[in-house]
Asks: 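Have a look at this one before I ask anything.
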Amino acid sequence: MLELSILGFLCEKPLHGYELKERIQGLSGHVRPVSDGALYPAITRLVKNGLVDSRTEPGTGAAQRRTLSLTPDGRAELLARLRAPKDAEITDGQRFFTLLAFLGLLPDPAEQAAVLRRRQEFLLAPASFFYAGGAPVRAEEEPDPFRRGMLRIARATGTEEKAWLAETLAELDREAAGSQGCLVDQAGSVTPQGPVRP
């Protein structure tokens, strides 16, 4: 996810290394701190692979500053990663949040919706932190108050996320339909609408 964050932030605008680190730290540093030992080798790999351009500029003092920017190949790689995220980027909450931070860079609402549908499908499958007899344990069935708290918090956040996904998918479907002249409902049924927008 570090490389996705680098590509995503640089897609927005060129940045100096320390600015990039601050942005990544703000996005996910509270969960996974970003060390120089991880960030700068990742930047070096991306530069070596032609995805990021690094140029040196005069600094305010004697030290020069390195400005990083996304190359056309880097933009193509970013969009490819956003279109087809790995399963772990869908199922892991923090990784999914990182993906969400840049999903708006995909220009096609149908592609954005396809990613969100994968997350929605994952959330709709019965799951729990704890199982009894092969079935997920519900909060009401858990005698331990701390485990019960875990289950209640997870259920509350999951409920809110499912509601947001349904709302956002409906918006994206309307956008996609407006550009194609049809409306796609949650079940995938297509209803012709008015004339296609120019």
Side-chain angles (χ1 to χ4, degrees), residues 1-59 64-122 161 164-165 167-181 184 196-198:
M1 296 312 293
L2 180 57
E3 288 189 359
L4 179 67
S5 298
I6 293 168
L7 295 173
F9 282 124
L10 292 180
C11 188
E12 294 173 357
K13 69 179 207 174
L15 296 167
H16 300 294
Y18 70 90
E19 293 172 321
L20 179 60
K21 182 179 179 181
E22 284 180 355
R23 289 176 188 231
I24 295 171
Q25 196 77 21
L27 177 62
S28 59
H30 60 288
V31 176
R32 294 184 176 103
V34 181
S35 69
D36 290 348
L39 178 62
Y40 289 101
I43 291 170
T44 300
R45 276 192 311 274
L46 293 171
V47 169
K48 184 178 177 182
N49 292 332
L51 305 178
V52 169
D53 181 54
S54 174
R55 67 181 183 281
T56 305
E57 299 176 339
Q64 295 184 325
R65 295 173 24 152
R66 193 164 76 153
T67 300
L68 305 165
S69 59
L70 201 62
T71 66
D73 285 347
R75 179 172 171 74
E77 175 67 18
L78 170 64
L79 296 179
R81 290 184 186 201
L82 292 172
R83 284 185 188 105
K86 297 174 184 173
D87 287 342
E89 295 167 355
I90 296 294
T91 59
D92 180 274
Q94 188 57 44
R95 290 181 183 199
F96 183 67
F97 274 8
T98 301
L99 184 66
L100 276 184
F102 305 110
L103 195 59
L105 298 172
L106 275 179
D108 184 353
E111 291 177 335
Q112 295 169 341
V115 173
L116 295 188
R117 281 199 171 83
R118 286 180 59 194
R119 177 69 175 180
Q120 185 181 51
E121 182 180 307
F122 166 72
E161 185 176 353
W164 172 80
L165 282 166
E167 292 167 14
T168 305
L169 282 166
E171 289 174 24
L172 292 172
D173 287 343
R174 282 192 297 275
E175 282 183 50
S179 64
Q180 298 171 9
V184 182
V196 177
R197 291 188 302 199

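The shown structure was predicted, so the numbers you read here are calculated from the model rather than taken from an experiment.
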Asks: For atom CD of Glu121, decide whether the heavy atoms of other residues, nucleotides or ligands shown that lie under 6.0 angstrom number more than 12.
Replies: no
Asks: What is the minimum heavy-atom distance between Leu27 and Thr98, and which atoms define it?
Replies: CD2-CG2, 4.0 Å
Asks: Has Asn49 got a side-chain atom pairing as donor or acceptor with Arg45's backbone, closer than 3.5 angstrom?
Replies: yes
Asks: Can you find a heavy atom in the side chain of Arg83 that is under 4.5 Å from one in the side chain of Val115?
Replies: no
Asks: If you define the side chain from C-beta out and look only at heavy atoms, does anything of Ser69 sit under 4.5 Å from Arg55?
Replies: yes
Asks: Can a donor-acceptor pair be found, under 3.5 Å and without considering hydrogens, that links the side chain of Arg95 to the backbone of Ala88?
Replies: no
Asks: Given Leu39 and Tyr18, is the side-chain contact (heavy atoms from CB on, under 4.5 Å) satisfied, shown in steps?
Replies: CA-CA 10 Å; Leu39 178 62; Tyr18 70 90; over 6 Å; no
Asks: Would you find more than 12 non-hydrogen atoms of other residues, nucleotides or ligands less than 6.0 Å from Arg118 atom CZ?
Replies: yes
Asks: Please find the pair of heavy atoms, one from Ala38 and one from Leu2, that lie closest to each other, and give the distance.
Replies: O-CD2, 3.5 Å
Asks: Determine yes or no for a side-chain-to-main-chain donor-acceptor pair under 3.5 angstrom, with Glu89 supplying the side chain and Lys86 the backbone.
Replies: yes
Asks: Does atom OH of Tyr40 have more than 12 heavy-atom neighbours, drawn from other residues, nucleotides or ligands, at distances under 6.0 Å?
Replies: yes
Asks: Side-chain contact test, heavy atoms from C-beta onward, threshold under 4.5 Å: evaluate it for Leu46 versus Leu68 and give yes or no.
Replies: no
Asks: Establish, yes or no, whether a centroid distance under 6.0 Å links the rings of Phe102 and Phe9.
Replies: yes
Asks: Okay, side chain of Gln112, backbone of Leu106: is any donor-acceptor separation there less than 3.5 Å?
Replies: yes
Asks: Quick check against the 3.5 Å criterion: does Asp108 have a side-chain atom that pairs as donor or acceptor with the backbone of Ala110?
Replies: yes
Asks: In Å and rounded to the nearest 0.5 Å, what is the SG to CD1 distance from Cys11 to Ile6?
Replies: 14.0 Å
Asks: Quick check: does any side chain N or O of Thr71 sit under 3.5 Å from a backbone N or O of Asp53, one acting as donor and the other as acceptor?
Replies: no
Asks: Work out which heavy atom in Asp173 is nearest to a heavy atom in Arg117; give both atom names and the distance.
Replies: OD2-NH2, 2.6 Å
Asks: Is there a side-chain contact between Glu3 and Arg81 in this structure, where contact means two heavy atoms from C-beta onward sitting under 4.5 Å apart?
Replies: yes
